J.: 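Can you keep this structure in mind? I'll have questions shortly.
In what follows, chains carry the letters A, B, and so on, assigned in the order in which the sequence lines appear, proteins first and then strands, with residues in each chain numbered from 1. If you're wondering where the values come from, they're calculated on a predicted model, not measured in any experiment.
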Number of protein chains: 2
Amino acid sequence: MSTRTPGQRAGLTRPAVLDAARALLARDGLAGLTMRALAERLGVAPNALYSHVENKSGLVDDVLDDVLAEVEAPDPEAADPADGLHALMASTHAVLLAHPDLVPLYLHRGGANGPNAQRLGEVMLALLARADVTGPEGREALRVLIVYTIGFAAFAQPPTEELKANFDAGLRWLLSGIIRS
Amino acid sequence: MSTRTPGQRAGLTRPAVLDAARALLARDGLAGLTMRALAERLGVAPNALYSHVENKSGLVDDVLDDVLAEVEAPDPEAADPADGLHALMASTHAVLLAHPDLVPLYLHRGGANGPNAQRLGEVMLALLARADVTGPEGREALRVLIVYTIGFAAFAQPPTEELKANFDAGLRWLLSGIIRS
DNA sequence: ACCTGAACACCGTTCAAGT
DNA sequence: ACCTGAACACCGTTCAAGT
């Protein structure tokens, strides 16, 4: 099984580990993402992963933020604030639906906290500010929108058109309440 | 360790198993709820549980619905629809906060589906109907409110007063959007 | 620093056998 | 029908040793 002896290198890198983790997740879901399965896919011993990742929890954190790189954020200056927020949340929703097994993890950890998550948060706050929702109220609205979007993605067990429409309807209700308040 | 030989009964019942599971969950969280730990707490062999529960997934389903029995539902005829919905969702939110480890499971499974969940759903639909939100729109609003409430409970990592206020603010936004539409 | 081998302390579940 | 004993096929993680 193993073509190497102790001391020989496999040429693993941290990005390669994360890529393999994403691929495993896409194919086998969350239950399929085990350190041992990941090691096998990479052709290394299970514990070799610990040279590149602190532990499984840290690996998942990185994967979570990586996925958010796919979200299309509008230019916070160009778009109409309400339209921009709707587009941003809809894009987030779509990206999350492509990774349904990850969604409970986002909620459990209170969203992602990596660079991608931070960038999206700043765009949202900028859009809210342009709609005169600022300060503590802005942060409240930010959290409400994030919770709503992740929550709905988690709910969409198989993503149907009906649930997508449901998400849009609720998002409009929410935004109309936030911005008119 | 084991005071019994094969063939002797331990006097297990299904409610006793569920009670122990809830207690284990309250004390050690989701990670602590294992079939083996549950068996040890009940003083039986791990596989003895399978005489009372189909598998771990079924056990969790039952626990999930049990928890919802604690939610205080208003009389759908007595309350003002908007106030009744707000009270019902707030009570659900509070109950979920008391069981934070369960919340990701509610989302992952699209909410509970047992008798308690069904009862609450019917009360919500009745209140929405009294606010003239009926048919497909009523079911949309139902899902939006459920997703929002569970999602926010999942987000409240340690439940702070700030997040509770945040939940209330968002809920008002949402209800004002739903009922005025 | 990066990897293997081996081990530790766990999992959920099944199967056969006892009363 | 309800339970034990034993086993199967897994987990994540750590420790020592090799280059």
J.: Which nucleotide sits closest to the side chain of A:A45: D:dT13, C:dT4, C:dT14?
T.: C:dT4

J.: Under 4.0 angstrom, heavy atoms only, what part of the nucleic acid is A:T34 near: base, sugar-phosphate, or nothing?
T.: sugar-phosphate

J.: Without decimals, in angstroms, what is the distance between B:R14 CZ and D:dC2 P?
T.: 12 Å

J.: Which whole number of Å gives the distance between the C1' atom of D:dC8 and that of C:dC10?
T.: 15 Å

J.: Counting heavy atoms from C-beta on, name the nucleotide in C:dC2, C:dT13, D:dT4 closest to the side chain of B:V44.
T.: D:dT4

J.: Please report, rounded to the nearest Å, how far the C1' atom of C:dT4 is from the OH atom of A:Y50.
T.: 15 Å

J.: Ignoring backbone atoms, test whether A:H52 places a side-chain nitrogen or oxygen under 4.0 Å from the OP1 or OP2 oxygen of C:dC3.
T.: yes

J.: Among the candidates C:dT13, D:dA1, D:dG12, find the nucleotide nearest to the side-chain atoms of A:M35.
T.: D:dG12

J.: Between A:Y148 and B:F152, does the ring centroid distance fall short of 6.0 Å?
T.: no

J.: Taking the side chain of B:R4 as its heavy atoms from C-beta onward, which of C:dT4, D:dC3, C:dC3 lies nearest to it?
T.: D:dC3

J.: Quick one: on DNA chain C, does B:P46 or A:Q8 contact a more 5' nucleotide (nearest heavy atom)?
T.: A:Q8

J.: What's the spacing between A:L18 CG and A:L25 CG if we round to 0.5 Å?
T.: 11.5 Å

J.: With no hydrogens and no angle check, do the side chains of A:H86 and A:D168 hold a donor and an acceptor under 3.5 Å apart?
T.: yes

J.: Base, sugar-phosphate, or nothing: which does A:A48 touch, judged by heavy atoms less than 4.0 Å apart?
T.: base

J.: Is there a side-chain contact between B:T134 and B:L128, using heavy atoms and a 4.5 Å cut-off?
T.: no

J.: Measure from the side-chain heavy atoms of A:S51 and tell me the nearest of D:dT13, D:dA7, C:dC2.
T.: C:dC2

J.: Please report, rounded to the nearest Å, how far the P atom of C:dT13 is from the CG atom of B:L38.
T.: 12 Å

J.: Can you name the one residue among B:E140, B:R139, B:R143 that meets side chain to side chain donor-acceptor pair (under 3.5 Å) with A:N166?
T.: B:R143

J.: Starting at the 5' end of DNA chain D, what dot-bracket string do you get if Watson-Crick and G-U pairs under 3.5 Å are bracketed, crossing pairs use [ ], other-strand pairs use | and unpaired bases use dots?
T.: ||.|||||...|||||.||

J.: Give a yes or no on whether B:E72 atom CD has more than 12 heavy-atom contacts from other residues, nucleotides or ligands under 6.0 Å away.
T.: no

J.: Near DNA chain D, which residues from residues 55-67 of chain A have a heavy atom under 4.0 Å away?
T.: A:N55, A:K56

J.: Can you tell me which residue pairs pass the side-chain hydrogen bond (donor to acceptor under 3.5 Å, both in side chains) test with a partner in residues 110-123 of chain A, sequence neighbours excluded?
T.: A:D65-A:N116

J.: In whole angstroms, how far is the P atom of C:dC10 from the CG atom of B:L33?
T.: 16 Å

J.: I need the CG-P distance between B:L49 and C:dC15, as an integer number of Å.
T.: 17 Å

J.: Would you kindly give the CZ-to-P distance between A:R36 and C:dC8, to the nearest whole Å?
T.: 14 Å

J.: How long is the line joining CZ of A:R9 and C1' of C:dC2, in whole Å?
T.: 4 Å

J.: Does A:E162, at its CD atom, have more than 12 non-hydrogen atoms belonging to other residues, nucleotides or ligands within less than 6.0 Å?
T.: no

J.: Please report the distance, rounded to the nearest Å, between CG in A:L30 and C1' in D:dC11.
T.: 14 Å

J.: Rounded to the nearest 0.5 Å, what separates atom CG in A:L88 from atom CG in A:L145?
T.: 9.0 Å

J.: Quick one: pull up CG in A:L24 and CG in A:L30 and give me the separation to the nearest 0.5 Å.
T.: 10.5 Å

